[in-house]
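Before any comments, here is the structure.
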Amino acid sequence: MSQTTIRIDPHVHSEASYDGHDPVELLLEQAAEIGLDGIVVTDHDVIHESLRAAELAPEYGLLGIPGVEVSTAVGHLLAIGVSEMPPRRAPLDETVAWVRDHGGVAVVPHPFQRSRHGIPRRHLVDCDAVEVFNSWLFTGFRNRRARRFAAERGYPALAASDAHSVPHVGRAYTELVVEDVDRATLDGEAVLSAMRTGATRMRGRHQPIATSARHYAIGSARKSGYYAKAGALKGGAAARAGVMRGAQLLAELAVR
């Protein structure tokens, strides 16, 4: 029986989120650079950039899996593997059922942390997996609490960066063990199945300091280079538009 182990960061935000910063191209490039096999772009209550990221992912040698962080009536829920926007502000049980009906995995991110719209313990009665290591929970207390909760209830445990900018992609990620599938034929459905069955291992930011610093520097440099190029292109486009408009005005004056 063959096994394939892959590394996925299942909770990443792009510029489509109100608190995100970077385009999906940069997120994908960073994920490939640091050795991930894929990311799931889970923007807040919008899915269009995640669908685009999933479509572009193979160009970066990555698995393409769409998703969204949807607001339920009691907090946020990751809908991983769906290609449509779930209903917003609906009861949690209805949203979980909707995600399952649409072939996705319902994952509770940063549970119990109300300042970040985490679902309170009393409402968390059904889901497919729990995010038990979120790289933004600095003290680790809530991560440990989430880990205990998932273990007590038998929920699969995931780790994620919850990155809102390029350098933070992969600060935490999930290793998934996929059975009877070789890497050449691996697809998103196999990944979702591994999440559901709990064939996961959590990985936080345990790389050596030098490696972490290098990855952070790579991400920061990539951002700077991208936006410098984007600014130059935008400036060039504006200049061309100005020239064309000036020529048009001259032509109009000549006719008069």
Side-chain angles (χ1 to χ4, degrees), residues 8-21 24 27 39-51 53-54 65-150 153 155-165 168-169 171-174 192 195-196 200 202:
I8 301 288
D9 187 344
H11 186 180
V12 176
H13 293 272
S14 80
E15 61 186 358
S17 286
Y18 67 87
D19 53 357
H21 301 287
V24 297
L27 301 175
I39 61 173
V40 185
V41 174
T42 51
D43 289 318
H44 292 293
D45 292 322
V46 292
I47 199 171
H48 61 284
E49 283 300 282
S50 184
L51 295 174
I65 304 170
V68 63
E69 185 168 3
V70 61
S71 299
T72 75
V74 293
H76 289 177
L77 181 74
L78 300 180
I80 298 177
V82 302
S83 56
E84 302 175 41
M85 185 65 212
R88 300 176 182 85
R89 307 294 178 186
L92 178 62
D93 59 344
E94 293 181 14
T95 309
V96 169
W98 187 98
V99 173
R100 291 170 178 161
D101 289 344
H102 288 75
V105 177
V107 179
V108 176
H110 41 71
F112 320 136
Q113 190 176 7
R114 295 307 294 150
S115 62
R116 300 179 65 214
H117 307 286
I119 295 173
R121 186 185 181 98
R122 67 183 182 276
H123 292 300
L124 187 43
V125 295
D126 188 27
C127 63
D128 296 319
V130 175
E131 183 183 84
V132 303
F133 191 101
N134 180 294
S135 68
W136 288 106
L137 304 183
F138 298 109
T139 65
F141 166 72
R142 295 188 188 279
N143 281 335
R144 292 192 295 273
R145 186 181 176 198
R147 190 177 300 120
R148 287 196 300 270
F149 177 86
R153 304 297 179 90
Y155 289 125
L158 303 183
S161 69
D162 195 2
H164 286 65
S165 62
H168 298 122
V169 171
R171 284 178 71 114
Y173 59 89
T174 300
L192 298 179
M195 286 184 182
R196 295 186 188 101
T200 64
M202 297 171 295

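Note that these values count all heavy atoms, side chains included, but never hydrogens, waters or copies made by symmetry.
Side-chain atoms of S161 do not come within 3.5 Å of backbone N or O of R171 as any donor-acceptor pair. A donor-acceptor pair under 3.5 Å links the side-chain atoms of T174 to the main chain of A159, judged by distance alone. At least one donor-acceptor pair under 3.5 Å links the side chain of N143 to the backbone N or O of N134. With hydrogens and angles disregarded, no donor-acceptor distance shorter than 3.5 Å links the side chain of E131 to the backbone of L158. At distances below 3.5 Å, not a single donor-acceptor pair connects side-chain atoms of D9 with backbone N or O atoms of I39. Remark: the backbone N or O of G104 is not paired with any side-chain donor or acceptor of R100 at under 3.5 angstrom. Checking side-chain atoms of H164 against main-chain N and O of S14 turns up no donor-acceptor pair under 3.5 Å. Using modelled atom types, no side-chain atom of S50 and backbone atom of P66 make a donor-acceptor pair closer than 3.5 Å.
Proximity of E69 to H11: side-chain heavy atoms (C-beta onward) are separated by under 4.5 Å at one or more points. Between M195 and I65, the closest side-chain pair of non-hydrogen atoms is not below 4.5 Å. Between V68 and V46 the shortest side-chain heavy-atom distance does not fall below 4.5 Å. Side-chain contact between I47 and E84: absent, with no pair of heavy atoms (C-beta onward) separated by less than 4.5 Å. Looking at V130 and P111, their side chains come closer than 4.5 Å, going by heavy atoms from C-beta outward. Counting only heavy atoms from C-beta outward, the side chains of Y18 and D45 never approach each other to under 4.5 Å. Contact check for H76 versus H44: side-chain heavy atoms found under the 4.5 Å cut-off. V132 is not listed as a side-chain neighbour of R148, based on a closest heavy-atom distance of 4.5 Å or more.
Atom CZ of R121 has more than 12 heavy atoms from other residues, nucleotides or ligands within 6.0 Å.
Of all non-hydrogen atoms in V96 and D126, the two that sit nearest each other are CG2-O, 3.7 Å. Taking all atoms of both residues into account, the shortest heavy-atom contact from G103 to L192 is O-CD1, 3.6 Å. Taking both residues in full, the closest heavy atoms of P120 and V74 are given as CD-O, 3.3 Å, listed atom of the first, atom of the second, then distance. Between A172 and S135, the shortest heavy-atom contact is CB-CB, 4.1 Å. Taking every heavy atom of both residues into account, W98 and V82 meet most closely at CZ3-CG1, 4.1 Å. Between D43 and S17 the shortest heavy-atom distance is OD1-OG, 2.8 Å.
Among residues two or more places apart in sequence or in another chain, the side-chain contact (heavy atoms from CB on, under 4.5 Å) test is passed with D93 by P91.
Note that CZ of R145 is 6.5 Å distant from CZ of R142, once rounded to the nearest 0.5 Å. Note: L124 CG to R153 CZ = 7.0 Å, rounded to the nearest 0.5 Å. Atom OG1 in T95 sits 11.5 Å away from atom CZ in R88 (nearest 0.5 Å). Once rounded to the nearest 0.5 Å, the distance linking CE of M85 with NE2 of H102 reads 12.0 Å. In this structure, CG in L78 is found 7.0 Å from NE2 in H110, a value given to the nearest 0.5 Å.
Relative ring orientation between W136 and H168 is described as perpendicular, the plane-to-plane angle rising above 60° on a 0-90° scale split at 30° and 60°.
Tested against I119, the residues H123, R122, H117 include a single side-chain contact (heavy atoms from CB on, under 4.5 Å) partner, H123.
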